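Note sheet for the following structure.
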Amino acid sequence: MGKIVPFCVWIGIAFLMTCVRTMDTAVAESEINIISRAEWGARPPKSRVNMTSPVPYVIIHHSYEPDVCLNRSQCEKYVRGIQNFHMDTRGWDDIGYNFLVGGSGDVFEGRGWDVVGAQAGPDWNSRSIGICFIGNFTDKLPPKEAISAGKALILLGVEKKKVVTNYTLYGHRQVRPTECPGNEFFKLVTQWDHWKPRNYTAE
Ligand SMILES: *[C@@H]1O[C@H](CO)[C@@H](O)[C@H](O)[C@H]1NC(C)=O
Ligand SMILES: *[C@@H]1O[C@H](CO)[C@@H](O)[C@H](O)[C@H]1NC(C)=O
Ligand SMILES: *[C@@H]1O[C@H](CO)[C@@H](O)[C@H](O)[C@H]1NC(C)=O
Ligand SMILES: *[C@@H]1O[C@H](CO)[C@@H](O)[C@H](O)[C@H]1NC(C)=O
Ligand SMILES: *[C@@H]1O[C@H](CO)[C@@H](O)[C@H](O)[C@H]1NC(C)=O
């Protein structure tokens, strides 16, 4: 009796903690609707370089152009437009970002977790996941649906061991000479978990 009771309590606590952890993952996954490349009609990449996971950084962007989209079909059209721009005008292998987030709260798979992006320059691409919020967030914030989807996507990356648990979050402007992800949005990003101060300096 003397030893069995504490043992049962211990097992009970361990079981509860497992349940809570499982629920956490389930929450992260169910909060996000990830639209695959096939679903949004992506062109195949010209080439791909595998990512070494988990990565230590997450980098936040805005698209600047086009401006925000508010429903899935319009966002899909914008994502296809961004891919065309990156491949045909910029000459990149594929859409640059690892993921994109629409104003509707839909998440679009770009290069995904496992492929190195073209989003933050050669020093950062192979050690970061780049997430682009579609819209021009110079003077306004992304819709709240987009913000919660973007945050849930980062949590999912940690759960899937694609992003380290103690990752560092930066806005694009902290690693490259750019206004991205827009003044208004950047101010908000500096309040997110894991954000760290850093100023861009020519490397
Ligand atoms: C990249 O990853 C894919 C999918 O896991 C794998 O099939 C391929 O062999 C890898 N390529 C290299 C160069 O490691
Ligand atoms: C999506 O948004 C666009 C632009 O505002 C609009 O033209 C279109 O009708 C909307 N589509 C749906 C299904 O709501
Ligand atoms: C983005 O928003 C800013 C502030 O409203 C505006 O000055 C700028 O022209 C916009 N950019 C585009 C490409 O629309
Ligand atoms: C994150 O954790 C790893 C492993 O414990 C450690 O080596 C690394 O320095 C930590 N990074 C940061 C930014 O704290
Ligand atoms: C970045 O620059 C701002 C404005 O010049 C300054 O206040 C801040 O201390 C700098 N941060 C770092 C980490 O150097």
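It should be emphasised that the depicted structure is a prediction, and the values quoted were computed from it without experimental measurement. Hydrogens, waters and symmetry mates play no part in the numbers below; they use all other heavy atoms, side chains included. Both ligands and their constituent atoms are indexed starting at 1 by order of listing.
With sequence neighbours excluded, the residues forming a side chain to side chain contact (heavy atoms under 4.5 Å, CB included) with Tyr64 are His62, Asn136, Thr138, listed by chain and number.
Among residue pairs with one or both ends in residues 35-102, those qualifying as disulfide (SG to SG under 2.5 Å) are Cys69-Cys75; sequence neighbours excluded.
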Could you go through residues 47-54 and list every donor-acceptor pair under 3.5 Å that involves a side-chain atom there, pairing it with any protein atom two or more places apart or in another chain?
none

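Ile147 pairs with exactly one of Val101, Leu188, Val189 by the side chain to side chain contact (heavy atoms under 4.5 Å, CB included) rule, that one being Leu188.
In terms of polar-atom proximity, Asn199 is counted as a contact of ligand 5, with an N or O under 3.5 Å from an N or O of the ligand. Where the criterion is an N or O separation shorter than 3.5 Å, residue side chain and backbone included, Tyr64 meets it with respect to ligand 3.
The aromatic rings of His61 and His172 sit tilted, their planes meeting at an angle between 30° and 60°. Between His86 and Trp92, the ring planes are tilted. Angles from 30° to 60° get that label.
The residues lining ligand 1, counting any heavy atom closer than 4.0 Å, are Asn50.
Val79 is not listed as a side-chain neighbour of Ile35, based on a closest heavy-atom distance of 4.5 Å or more.
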